[in-house]
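Have a look at the structure below, then the notes.
Reckoned from all heavy atoms, side chains included, excluding hydrogens, waters and symmetry mates.
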Amino acid sequence: MRLLWPGSWFPPVQLLGPRRDDDNRLRFVVRVVVIASLALAFARGVVFKRIETGDEGVNGTMALNMCRSLALVVRPSYIPGGSEDWVGFDLPGIGNTPFHSVLLALGGCPLGGRPEAMGLVSFAALAATLCFTYRLVALWERRAALLTTLLLALSPAVLWQFRLMEAEPVLVAWGMAGTYWIARGELTGRNWHSLLGGACLGLGFLTKLWLVTPFVLASLGLLAIVRLQRRQLALVPVACITVGFLATASLHLALVALRSPTDVALWLTQVYFAPFLGQSIGGSKLAGAGVPTEWSHPSWYYPAILYREHFFLCPLLLAALPALKRRAPTAAGLFGAIGFGLASLVPLSLPAIKESLYILGVLPFLYGLAGLGASALFAREGTLNPRRAPARRALRVAGYFSAAAVLLIGAAHARGLKRDDITPVYVGAHALGVGGAWLLAYAAARIERARATALIGGLSALSLAGFGAYELTAPQPPYKEIAEILRPYLEPLPPGHESFISPRYKVLQLYLFRNGRYWQSFYTELRPETLVASIASGEYCAFVFGPEEREDPRLVQMERDIALQALDLSAELPEGARGGFRVFVNRACVQESAKGLRHAEG
């Protein structure tokens, strides 16, 4: 029974201040929600895993290369089978250490390099992040820890980002583990905890370098606040953190120095310090030069992203502000960690190149602050005596607001609008969502705790059910099905040969383990006459047109030309998965595939 309902998920780890008995009903609700959320994440991110982004394809392809050759651990390549010009081609475009791909290889290689097996890495990162976020907040207040974990487990943005086969979710798991152990070491006086925390932060740095900044700042802020309260120096714990950090953060360079000493300087200049030296693709992130303009964003981009993805937290964040003063004497260390973690938005906003995943490490601290606000409301701090009639009316109106917001978003999707678009529909939906959240917070603060817990459980069930229904039914681009159709025609070709042209070609690269290219991108200029000559010569075997490509006049004509001299396999796509895609195979490659089949049968 304990295996199905592990009590260690939410252990009583409060070490500072007097103990408080948690509400057993709230603990029960949080356990059920976390287990259901993890089950949904496992289904969507492992069992029914689909590669969605180009970076996922790159990371998975690098891992598959490592499965085939240990040499590609030291010189990782995102070209199937490896690249001949590693220094000139692969290294400038990698931008990070290969540690995340090594983890993917460890998860995927024993099971044949399947993407589903690689998805276990991000799933484990989600479970670890929920665990260590709870443990960190629970060092000061267990109810706030429970509500923080509940909010994280229900956040659609968090669940979506943690199912991606990207380095950021793994970095967040290492970062939260490091922050927790440093905090625990400071509260218990055990220096080996600080050493372990520093090692975890070093592994976070090894995962995606400078994006570990929120956790480093949070740990140092926590340490500074606690030491100021005690009026003590922090030389020993800082030394332990530094030693632990350097011991793990330097593992990659140590391996490179042992296996390929001449590459150490390349890694240092073109990857580790590239954002500051202005070198290579990764090095231009600080100034935003030499990269597509859509990667460059203004300084306020990250706060706007946080509002867009997590606007429903607004009432809880505001409710936390009055509670901070009351808790300051006993929870100053937690406030230091949250404050410095959120303040990391400033250094992260300095580079011109910004991506929403880059601030994933800020979310545990944002949700920690919201959890404190929810805890204050749950305890009815600073509110009037409960009044049931206003609470019932607030609940009723909140239901109307929530229903209106859902209908607006449904109408937006029906019209083909994206949530990234700033439209009146989404502005209205956000306004209604915030209004509904305010009313729910008001109601929860004015009804009995048992009813408030029932309200929390009911809303959690509805949220997970709605998100789960969307996740498991939303149509996905049919790249997995396209790969199965093209596999017999591309298998005779060498993995590194540029054999197909497709949108999101890096996704197909992983599924097929064959090299490809875009029709058009910032780095590959579309030249129809050159492509037509390459197609006629048989250099490319497969051509995939997506809905966007079929709107480009130049590609529309090319699609017509290809249809006259290639085999159209679009009808082999499942009818429900076509989504405007067309798949062609060069007839020369069809003949070569048939020859190979006859030779194998003979």
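Aromatic ring orientation, Trp210 versus Phe205: perpendicular (interplanar angle above 60°, classes split at 30° and 60°). Ring planes of Phe42 and Phe123: perpendicular class, angle over 60° (limits at 30 and 60°). Taking the six-membered ring where the residue is Trp, Trp267 and His252 present perpendicular rings, their angle passing 60° and hence far from 30°.
At least one side-chain heavy atom of Ser37 sits less than 4.5 Å from a side-chain heavy atom of Leu159. Residues Ser356 and Gln161 meet the side-chain proximity criterion, which asks for heavy atoms closer than 4.5 Å. Contact of the Tyr358 side chain with the Lys208 side chain is registered, since non-hydrogen atoms from C-beta on lie closer than 4.5 Å. Side-chain atoms of Leu152 and Val34, non-hydrogen and from C-beta on, never get closer than 4.5 Å to each other. Using a 4.5 Å heavy-atom cutoff, the side chains of Tyr367 and Thr149 are not in contact. Side-chain atoms of Ile225 and Phe335, non-hydrogen and from C-beta on, never get closer than 4.5 Å to each other. Side-chain contact check for Ile359 versus Leu306: some heavy-atom pair is nearer than 4.5 Å. Side-chain contact between Tyr272 and Thr97 is present, with heavy atoms from C-beta onward closer than 4.5 Å.
Judged by distance alone, the side chain of Ser299 and the main-chain N or O of Ser349 form no donor-acceptor pair under 3.5 Å. Within the 3.5 Å criterion, the main-chain N or O of Arg143 finds no donor-acceptor partner in the side chain of Ser375.
Taken to the nearest 0.5 Å, the CG atom of Leu268 stands 5.0 Å off from the CG atom of Leu253. Here the straight-line distance linking atom CD of Glu309 with atom OG of Ser155 works out to 8.0 Å at 0.5 Å rounding. For the atom pair Ser194 OG and Arg184 CZ, the distance stands at 12.0 Å (nearest 0.5 Å). How far CG of Leu147 is from CG of Leu372: 9.5 Å, rounded to the nearest 0.5 Å. The CG atom of Leu201 sits 12.5 Å away from atom CG of Leu206, with the distance rounded to the nearest 0.5 Å. Atom-to-atom distance recorded for Met165:CE and Asp55:CG is 10.5 Å, nearest 0.5 angstrom.
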Side chain to side chain contact (heavy atoms under 4.5 Å, CB included) evaluation trace for Val170 with Leu203: CA-CA 9 Å; Val170 179; Leu203 291 173; over 6 Å; no

Side chain to side chain contact (heavy atoms under 4.5 Å, CB included) evaluation trace for Phe162 with Leu360: CA-CA 9 Å; Phe162 269 87; Leu360 189 60; 4.0 Å; yes

Stepwise side chain to side chain contact (heavy atoms under 4.5 Å, CB included) check, Ile182 with Glu186: CA-CA 6 Å; Ile182 290 170; Glu186 189 58 19; 5.6 Å; no

Chi angles and distances behind the side chain to side chain contact (heavy atoms under 4.5 Å, CB included) call for Leu209, Val271: CA-CA 9 Å; Leu209 301 176; Val271 176; 3.8 Å; yes

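Between Glu56 and Lys49 a salt bridge is recorded (basic side-chain N to carboxylate O distance below 4.0 Å).
Atom CH2 of Trp181 has more than 12 heavy atoms from other residues, nucleotides or ligands within 6.0 Å.
When all heavy atoms of Ala199 and Thr248 are compared, the closest pair comes out as O-OG1, 2.9 Å. Among all heavy-atom pairs drawn from Trp160 and Glu52, the shortest one is NE1-OE1, 3.6 Å. Across all their heavy atoms, Leu104 and Gly60 have their closest contact at CD1-N, 4.3 Å. Ser122 and Leu164 get closest at one heavy-atom pair: OG-O, 2.6 Å. Cys240 approaches Leu195 most closely through the heavy-atom pair O-CD1, 3.3 Å. Closest of all the heavy-atom pairs between Gly368 and Ile338 is C-CD1, 3.9 Å.
Between Phe215 and Phe340, the gap from one ring centroid to the other reaches at least 6.0 Å.
Glu166 and Thr53 are linked by a side-chain donor-acceptor pair at a separation below 3.5 angstrom, with hydrogens and angles left out of the test. No side-chain donor from either of Tyr134 and Thr148 sits under 3.5 Å from a side-chain acceptor of the other.
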